[in-house]
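In what follows, a single structure is set out as structure tokens and then discussed.
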Amino acid sequence: MAAKIKQYWLLKSEPSSYGIDNLQRDKQTDWTGVRNFQARNTLRDGMQKGDLAFFYHSSTDPTGIVGIAEIASDAHPDPTAFDEKDSHFDPKSSPSKPMWFSRTVKFVKKFKEVVPLADLRNTKGLEKMVLLQKGSRLSVQPVTEKEWEVIMKLVK
DNA sequence: GCCAACGTTGGC
DNA sequence: GCCAACGTTGGC
């Protein structure tokens, strides 16, 4: 087994479709619907069970980091890709040759207050954060340990 | 609702 | 392999 060094991630979701309150209620969920190759690779290959991820709300007011989730399973084929009735159905993915993957993620905590995107932009040490790069739209992305620590200091 | 930026598709 | 057209993401 590879050295188990904890890594950090950020998961984006629109709260109108699935937000931190849903995760708190469900305790855990299958993180499905990722349909971008780079995000897919991170989800499938980059993560290790036990890693932690910020939960980010996009397309809401304010946008920002709202809590923490834990990566609670190994990667498995994303079942929504096989479901013709699902909006994420993809005929190019099949159970014998899956193209898309998902992970179980567990609720860890919800912050008392959102850490808004605008604050992240104004915080020293986060200049290189993937989330803050111009045009960045990755829904699954890495966070360095330093960035994680800097952000945790902003949490109220 | 607008629009900039990105990823994918398909014609050539 | 290029690139225009299109659809999507996501901040504002």
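What you see is a predicted model, and the numbers here were worked out from it, not measured in a lab. Chain letters run A, B, ... following the sequence lines, proteins first and then strands; every chain starts at 1. We use all heavy atoms of the structure for the numbers below, so side chains are in, but hydrogens, waters and symmetry mates are not.
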Looking across every strand, which nucleic acid part, if any, lies under 4.0 Å from A/Ser58 by heavy atom: base, sugar-phosphate, or nothing? sugar-phosphate
[N] [atom2] sits how many Å from [X] [atom1], rounded?
X        : N      : atom1 : atom2 : value
A/Arg137 : B/dT8  : CZ    : P     : 9 Å
A/Asn36  : B/dT9  : CG    : P     : 12 Å
A/His57  : C/dG11 : NE2   : P     : 12 Å
A/Asp119 : C/dG11 : CG    : P     : 14 Å
A/Asp61  : B/dG1  : CG    : P     : 16 Å
A/Leu117 : C/dG10 : CG    : P     : 12 Å
A/His88  : C/dG7  : NE2   : P     : 18 Å
A/Arg121 : C/dG10 : CZ    : P     : 13 Å

Below 4.0 angstrom from OP1 or OP2 of [N], is there any side-chain N or O of [X]?
X        : N      : answer
A/Tyr56  : C/dT9  : no
A/Lys12  : C/dG10 : yes
A/Lys92  : B/dT9  : yes
A/Lys134 : B/dA4  : no

I'd like to know if A/Asp78 and A/Arg40 make a salt bridge, using a cut-off of under 4.0 Å between side-chain N and carboxylate O. no
Under a 4.0 Å N-O cut-off, is there an ion pair linking A/Asp21 with A/Lys110? yes
Report the relative orientation of the aromatic rings in A/Trp148 and A/Phe54; use parallel for angles under 30°, tilted for 30 to 60°, perpendicular for over 60°. parallel
Please determine which of A/Phe107, A/Trp31, A/Phe111 meets the ring pair (Phe, Tyr, Trp, His ring centres under 6.0 Å) test together with A/Phe55. A/Trp31
Counting distance only, does the side-chain N/O of A/His57 pair as donor-acceptor with the main-chain N or O of A/Ile20 below 3.5 Å?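 Judged by distance alone, yes, a pair lies under 3.5 Å.
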From C-beta outward on A/Phe37, which listed nucleotide comes closest to its side chain: C/dT8, C/dC12, B/dT8?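 Shortest atom-to-atom distance from the side chain points to B/dT8.
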